[in-house]
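Structure, as structure tokens:
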There are 2 protein chains.
Amino acid sequence: MTRTPLADVACSIARATDLFGDAWTALIMRDVLTGVTRFDDLAHDLGISRKVLAARLSRLVEEGVLVRERYQERPPREHYRATPKGEELYPVLLALMEWGDRWYAGPAGPPARIRHLGCGRDTTPVAACAHCGEPLTVGNTTQLPGPGGHTGPGTRVLGPLLAAREG
Amino acid sequence: MTRTPLADVACSIARATDLFGDAWTALIMRDVLTGVTRFDDLAHDLGISRKVLAARLSRLVEEGVLVRERYQERPPREHYRATPKGEELYPVLLALMEWGDRWYAGPAGPPARIRHLGCGRDTTPVAACAHCGEPLTVGNTTQLPGPGGHTGPGTRVLGPLLAAREG
DNA sequence: CCCTTAAGTTCCCTCAGGGAACTCGGGTAG
DNA sequence: CTACCCGAGTTCCCTGAGGGAACTTAAGGG
């Protein structure tokens, strides 16, 4: 496929997508974050080709999202665990899950619930403003160039073009 | 590639990933939500092959995420706009962008800022509990089977296995 | 009448993904 | 001591999706 390299574009979505934008990475992270950490378990659970799984895992380790660590000495066995960088992908998974729940849940309802241990209730994740806590939507936000934005093609990061939207 | 069909698995992440889990869809949605809605503009802005762009757009229209609509009569011209279902992908984009900002921004800082018009401040999106507003993390949430979860392989949706995590 | 623009299509080629078999280090059962 | 399981990958071949660039169609415009 010769994936177009997106990581060098001045767009954080493109940078994140360069790693996260394939069919398997999100599901691997879901599994690892929920306790499925061993190679064979991942291969079985996901139904992914072992070749591709090995490639994804080593990429994720390279990127510092997972670490490969020994979980037993004799015989030596390794598994994969999320780093802090990996755990911070959790909001992305929550957002994907919430969207899937809203638009693809069958009549029975969504296939899983998230319980927030802080307040003890089953919850839905909301993308909220860090300052005032209100939900962020396309309509109530605007994008502005940031300090790290070099102008030129590909500069937009959820671009500064929102003003151009009609309605 | 014969993409493994994920949409039928009882996992909302898998369902969302089936559509969203490719290198281009996130970036197309970013562009459309920020006002880049025409075929040629998208092709130029993204550097995507026109063939693949056409395929992605028609898939997104099929899925009800975008609509193809006429924006001028003479000569007849069509462009793409997000439906409500498409606009609700915004939190996913925000989460991806926030993660990219945190882990890939250069010394200069992130390439863009999000301003919340509600409170007037530049903000960062947080995945918050809909009930109490606290941030949701891997550590303070647990996953339970939901009403729509048929048991069996692939049942997990950010699975019920979190309890199995050590530490 | 020819040129330009927008929005796709078509063609060929390469390489990433699927699938299944094979490897390798290290037990454990007989 | 040999034979048979792991777990964790690696290797091989085949298919088909993505890249790239040219071609098409429809409608103005000079």
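Below, chains carry the letters A, B, ... as their sequence lines are ordered, and counting in each starts from 1.
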Cationic N near anionic O, under 4.0 Å, [X] to [Y]:
{"X": "B:D101", "Y": "B:R113", "result": "no"}
{"X": "B:R38", "Y": "B:D45", "result": "no"}
{"X": "B:D40", "Y": "B:R50", "result": "yes"}

Check the distance between [N]'s [atom2] and [X]'s [atom1] and give it to me in whole angstrom.
{"X": "B:R38", "N": "C:dT5", "atom1": "CZ", "atom2": "P", "result": "12 Å"}
{"X": "A:R56", "N": "C:dG17", "atom1": "CZ", "atom2": "C1'", "result": "8 Å"}
{"X": "A:R74", "N": "C:dG27", "atom1": "CZ", "atom2": "P", "result": "5 Å"}
{"X": "B:R77", "N": "D:dT25", "atom1": "CZ", "atom2": "C1'", "result": "10 Å"}
{"X": "A:F39", "N": "C:dT23", "atom1": "CZ", "atom2": "P", "result": "17 Å"}
{"X": "A:D22", "N": "C:dA16", "atom1": "CG", "atom2": "P", "result": "13 Å"}
{"X": "B:E73", "N": "C:dA6", "atom1": "CD", "atom2": "P", "result": "17 Å"}
{"X": "B:L53", "N": "D:dG19", "atom1": "CG", "atom2": "C1'", "result": "13 Å"}

Measuring to OP1 and OP2 of [N], would you say a side-chain N or O of [X] lies under 4.0 angstrom away?
{"X": "A:Y71", "N": "D:dA8", "result": "yes"}
{"X": "B:R68", "N": "C:dG8", "result": "yes"}
{"X": "A:W24", "N": "C:dG18", "result": "yes"}

remark   = Here the gap from A:T34 atom OG1 to A:L93 atom CG, rounded to the nearest 0.5 Å, amounts to 9.5 Å

inquiry  = So for A:R50 and D:dG9, does any side-chain atom that can act as donor or acceptor lie under 3.5 Å from a complementary atom in the base?
reply    = yes

query = So, does the side chain of B:K51 form a donor-acceptor pair with the base of C:dG8 at under 3.5 Å?
reply = no

ask   = Which of these nucleotides, C:dG8, C:dG26, C:dG18, is closest to any side-chain atom of A:P75?
value = C:dG26

query = Do A:Q143 and B:I114 come close enough that some side-chain heavy atom pair is under 4.5 Å?
reply = yes

inquiry  = Judged by each residue's nearest nucleotide on DNA chain C, which is more toward the 5′ side, B:A54 or A:V52?
reply    = B:A54

